[in-house]
Amino acid sequence: RVKERGKAHYQFYRTEMNSVFTNVVTLETHLRKAIDKSELSLYYQPQVNTATGEVKNFEALLRWKDREFGDISPSNFIPLAEDTGLIISIGYWVIENACRQIKTWNALGYNDIHVAINISPKQFQHPNLVQFIQSMIKKYTIQASSLGIEITESAMNDTKETIPILRKVKELGISISVDDFGTGYSSLNYIKRFPIDILKIDQSFIRDILVDEKDAAITSTIIHLGKSLGLEVVAEGVENLKQVEFLSKAQCYKIQGFYYSKPLPADEIEQQFLAKNMLKQ
Ligand code: C2E
Ligand code: MG
Ligand code: MG
Ligand code: MG
């Protein structure tokens, strides 16, 4: 499972990864060099608006291909990056490269697009985050409204720091999504007070939506809640048509998941979505 973070993942890379890397230190050493060796890349997963058929929203997802060990999943190296502080430089790399990609797509005539990047809790609390994002928007001369951030509920627990950061992000015109919504602790309290735009229903609720009445009820309730509060609601981890139909009936029309597409390199996104979708202006 992609979802379970923190301790569970730490445990995972300490045990499973040991069969590949002799120890966590080896993995860390490799990760430290990954940026310089150009082993990181961003893939993009589309979100389909099932009401209009449009595809303008994409989530940037980090990929690491180590020369020796091959593809390593973010679920494995992000927790390590968090623990070691490497997430700060990796996070900057992600922000810059997402901005550069937006510029590239703009230059090809695709202006009405939106790319969301994942910001980990540690990076979110880092003092230079907003300034850095702002400087990248300037450097690549892109519109802030083509950029979004995704943060989990765990990044939002320190409310004294959190609200001013979120306000600054929002003032720039960048959208704010709560990722993996429903898996944290203080959901109702903070969605009332925090300036967020989008709820992303965690894929653990979507997975069994058709067979588990509780998951179905929770999903419908989140959709209703979002709607009532004027928030957009996105379902992630949607893998089949029956799930899409359930979500349409429940009035959720923003869908992300393998049913439409797995995350893809930028050039494949162009061919398969941007060109066909005729977002050129
Ligand atoms: P996330 O942000 O919740 O991203 C969604 C994850 O679900 C992605 O896994 C995506 O490939 C996967 N997914 C999408 N559709 C489906 C589906 O239909 N079925 C299933 N089973 N899975 C689906 P991925 O790319 O392995 O990333 C895992 C997590 O790693 C992300 O979860 C996010 O928390 C973190 N991550 C990825 N890229 C970054 C990054 O650039 N920065 C930070 N801080 N974290 C990242
Ligand atoms: Mg996640
Ligand atoms: Mg995400
Ligand atoms: Mg998620």
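In each ligand, atom 1 is the first atom listed, and ligand 1 is the first ligand listed. Please read all numbers here as calculations on a predicted model, not as lab measurements.
- We find the CG-CD1 distance between Leu86 and Ile35 to be 8.0 Å, quoted to the nearest 0.5 Å.
- You'll find the side chain of Phe124 reaches within 4.5 Å of the side chain of Thr162, heavy atoms only.
- The Asn118 neighbourhood of ligand 1 comprises atoms 2 (O), 39 (C), 40 (C), 42 (N), 43 (C), 44 (N), 45 (N), 46 (C), with distances under 4.0 Å to a heavy atom of that residue.
- Of the charged side-chain nitrogens involved, at least one lies within less than 4.0 Å of a carboxylate oxygen, so that Lys170 and Asp197 count as a salt-bridged pair.
- The Mg ion (ligand 4) sits nearest to atom OD1 when only the N, O or S atoms of Asp180 are considered.
- The aromatic rings of Phe58 and Phe273 sit perpendicular, their planes meeting at an angle over 60°, well past the 30° parallel limit.
- Minimum-distance N/O/S atom of Glu59 relative to the Mg ion (ligand 3): OE2.
- Cluster annotation: Val238 is connected to Tyr260 through the hydrophobic network of ILVMFWY side chains, with a link wherever side-chain heavy atoms come within less than 4.5 Å.
- The closest side-chain heavy-atom distance from Val94 to Gln123 is not below 4.5 Å.
- Residue contacts with ligand 1 leave out Lys200, since none of its heavy atoms falls under 4.0 Å from the ligand.
- Between Glu96 and Arg100 there is a salt bridge, since at least one side-chain N of the basic residue sits less than 4.0 Å from a carboxylate O of the acidic one.
- At least one N or O atom of Asp180 sits closer than 3.5 Å to an N or O atom of ligand 1.
- Arg32 and Glu28 are joined by a salt bridge, as a carboxylate oxygen and a charged side-chain nitrogen come within less than 4.0 angstrom of each other.
- Side-chain contact between Ile218 and Ile201 is absent, with no heavy atoms from C-beta onward closer than 4.5 Å.
- Taking backbone and side-chain atoms together, Glu236 has an N/O/S atom less than 2.8 Å away from the Mg ion (ligand 4).
- Inclusion of Ser177 in the first shell of the Mg ion (ligand 3) is not supported: no N, O or S atom falls under 2.8 Å.
- The aromatic rings of Phe69 and His30 sit tilted relative to each other, their planes meeting at an angle between 30° and 60°.
- Considering backbone and side-chain N/O of Gln203, one or more are found under 3.5 Å from N/O of ligand 1.
- In the vicinity of Ser75, heavy-atom distances shorter than 4.0 Å reach the ligand 1 atoms 28 (C).
- Less than 4.0 angstrom separates some heavy atom of Val238 from each of these atoms of ligand 1: 18 (O).
- Counting heavy atoms only, Glu239 comes closest to atom 20 (C) of ligand 1 of the residues Glu239, Gln256, Lys262.
- Taking distance alone, with nitrogen or oxygen atoms compared against 3.5 Å, Tyr259 stays at or beyond that limit from ligand 1.
- Side-chain contact between Thr141 and Lys103 is present, with heavy atoms from C-beta onward closer than 4.5 Å.
- Gln47 has its side chain out of reach of Asn49: every pair of non-hydrogen atoms, C-beta onward, lies at least 4.5 Å apart.
- Note on Lys122 versus Glu82: no salt bridge recorded, every NZ/NE/NH1/NH2 to OD/OE distance being 4.0 Å or above.
- Close approach of ligand 1 to Ser120 (heavy-atom distance below 4.0 Å) involves ligand atoms 44 (N).
- Shortest distance from the Mg ion (ligand 3) to Glu150 is reached at OE1 (N/O/S atoms only).
- With 2.8 Å as the limit, Asp179 counts as an N, O or S neighbour of the Mg ion (ligand 4).
- Within ligand 1, the atoms closer than 4.0 Å to a non-hydrogen atom of Asp179 are 1 (P), 2 (O), 3 (O), numbered from 1 in the order shown.
- Close contacts between ligand 1 and Glu59 involve ligand atoms 1 (P), 2 (O), 4 (O) [criterion: under 4.0 Å to a heavy atom].
- Not one N or O of Leu61 is nearer than 3.5 Å to an N or O of ligand 1, by distance alone.
- With distances taken over non-hydrogen atoms, the option nearest atom 23 (C) of ligand 1 out of Phe258, Trp93, Tyr260 is Phe258.
- Interface atoms of ligand 1 facing Val94, defined by a heavy-atom separation under 4.0 Å, are 41 (O).
- Contact between Arg63 and ligand 1 is present, with at least one heavy atom of the residue lying under 4.0 Å from the ligand.
- Atom numbering of ligand 1 starts at 1 in the shown order; those under 4.0 Å from a heavy atom of Pro263 are 11 (O).
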